[in-house]
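Data first, discussion second: the structure below is written as structure tokens.
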Amino acid sequence: MPVVDARSTDDRPGLPHEVLANRRNWDERVPIHLVGYGTDAFVADPERLSDVAREDLALMAPHLPGGSLAGLDLLHLQCHLGTDTLSFARLGARVTGVDLSPAAVDAARDLARRAGLGATFVESEVTATQDVVAERFDVVHTGIGALCWLPDLDAWARTVATMLRPGGLFFVRDGHPVLASLDDERDDGRLVLARSYFAGPPLRWDDDVSYVNQEVRIRSAETYEWHHPLSEVVGALLGAGLRLTSLGEQTTLPWKALPSMVEEATEHGTAWVLPEGRERLPLTFSLTAVKDA
């Protein structure tokens, strides 16, 4: 399957200022992340999979036919550079990735070309996916670290349901909502609630570095994040007509969310964990749901 270009819907009127600010920020992150994500190594080794894809597959496998993605059509929402998307392609899926950032989509297409992998990458605001992607999918996947960038989870869940074929599987693994409530500047190992766990107005940040590199400065530093408690995530998917089939909580994270976290080797690669007493707090959650016929 060739790498396919697709038209953008992101110049249409009506996108909120917050979403446009986020898009500018993520456009600037692309050259930083191309280095930080190890894309040259990904291209050089045809067996290489991202750590995120390895862990996600382990959680998805019990819900997949034969425990495998082979031969399935997979849609990856908020795919960023496509390293996870293309890892799923290496696992045998026919993949389509969607992302808000035109720079990220261009980079993902180039990465697919360099790696010799078939993939389709589409630039679109996530809830407009059905307007630019006609196909329907066996698996819809939302990438980790993605939900905080979405202002409207009900619209997101409706998109997920629309893009699934009857009997199709939805999977998400993301940072646990309680993690976003913690004071993320404490370096004494104590877990202290500093923000409300429940949904509210978006948080505005002016952070001129990326989580993969603290040296390179980003000019478009303004970003907005929306906090979604677990009940909102589950409720949105149920409201869109999906049937929940699993809900899990994990104690590892792909990025350093708290100053006291330490990096350690796992069976899927490396991850960040609490230095002690990790059972005190879930760092991620995972969820599967199906679209009944």
Review point. Nearest heavy-atom pair of Asp187 and Pro259: which atoms, and what distance?
Key: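 The pair with the smallest heavy-atom distance is CB-CB, 3.9 Å.
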
Indicate yes or no: does [X] engage [Y] in a salt bridge with an N to O separation below 4.0 Å.
| X | Y | answer |
| --- | --- | --- |
| Lys256 | Glu263 | no |
| Arg114 | Asp40 | yes |
| Arg278 | Glu264 | yes |
| Asp188 | Arg190 | no |

Any side-chain donor paired with an acceptor under 3.5 Å for [X] and [Y]?
| X | Y | value |
| --- | --- | --- |
| Gln130 | Thr162 | no |
| Ser101 | Asp27 | yes |
| Glu125 | Thr127 | yes |
| Ser210 | His33 | yes |
| His76 | Asp84 | no |

Report the distance from atom [atom1] of [X] to atom [atom2] of [Y], rounding to the nearest 0.5 Å.
| X | Y | atom1 | atom2 | answer |
| --- | --- | --- | --- | --- |
| Thr251 | Trp272 | OG1 | CH2 | 15.5 Å |
| Leu69 | Asp138 | CG | CG | 10.0 Å |
| Leu49 | Asp56 | CG | CG | 11.5 Å |

Would you mind reporting whether [Y] and [X] have side-chain heavy atoms less than 4.5 Å apart?
| X | Y | value |
| --- | --- | --- |
| Met163 | Leu77 | no |
| Thr223 | Trp149 | yes |
| Pro151 | Val19 | yes |
| Leu283 | Leu281 | yes |
| Phe88 | Met60 | yes |
| Leu111 | Thr83 | yes |
| Arg54 | Glu267 | no |
| Leu57 | Leu91 | yes |

[X] side-chain N/O to [Y] backbone N/O, donor-acceptor pair under 3.5 Å:
| X | Y | result |
| --- | --- | --- |
| His227 | Tyr197 | yes |
| Glu123 | Val105 | no |
| Asp154 | Ala236 | no |

Review point. Is Tyr211 linked to Trp205 within one hydrophobic cluster, defined over Ile, Leu, Val, Met, Phe, Trp and Tyr using a side-chain heavy-atom separation of less than 4.5 Å?
Key: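 No; Trp205 is not reachable from Tyr211 via cluster members.
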
Check your understanding: Linking Ile, Leu, Val, Met, Phe, Trp and Tyr through side-chain heavy atoms less than 4.5 Å apart, which residues share a cluster with Val262?
Key ->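 Taking Ile, Leu, Val, Met, Phe, Trp and Tyr as members, Val262 shares its hydrophobic cluster with Val273.
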
Can you give each donor-acceptor pair under 3.5 Å made by side-chain atoms of residues 284-293, sequence neighbours left out, with the distance rounded to 0.1 Å?
from, atom 1, to, atom 2, distance (Å)
Thr284, OG1, Gln250, OE1, 2.8
Ser286, OG, Gln250, NE2, 2.9
Thr288, OG1, Thr245, OG1, 2.7
Thr288, OG1, Ser246, N, 3.2
Thr288, OG1, Ser246, OG, 2.4
Lys291, NZ, Ala161, O, 2.9
Lys291, NZ, Leu164, O, 3.0
Asp292, OD1, Arg243, NE, 3.2
Asp292, OD1, Arg243, NH2, 2.9
Asp292, OD2, Arg243, NE, 3.0

**Study point:** Intermediate values then yes/no, ring-ring contact (aromatic ring centres under 6.0 Å, His included), Phe171 and His63
**Key:** CA-CA 10 Å; Phe171 174 85; His63 308 276; 8.4 Å; no

Exercise for review: Under the ring-ring contact (aromatic ring centres under 6.0 Å, His included) rule, collect the residues that match up with Tyr224, sequence neighbours excluded.
Suggested key: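 Partners of Tyr224 by the ring-ring contact (aromatic ring centres under 6.0 Å, His included) criterion, ordered by chain and then number, come out as His17.
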
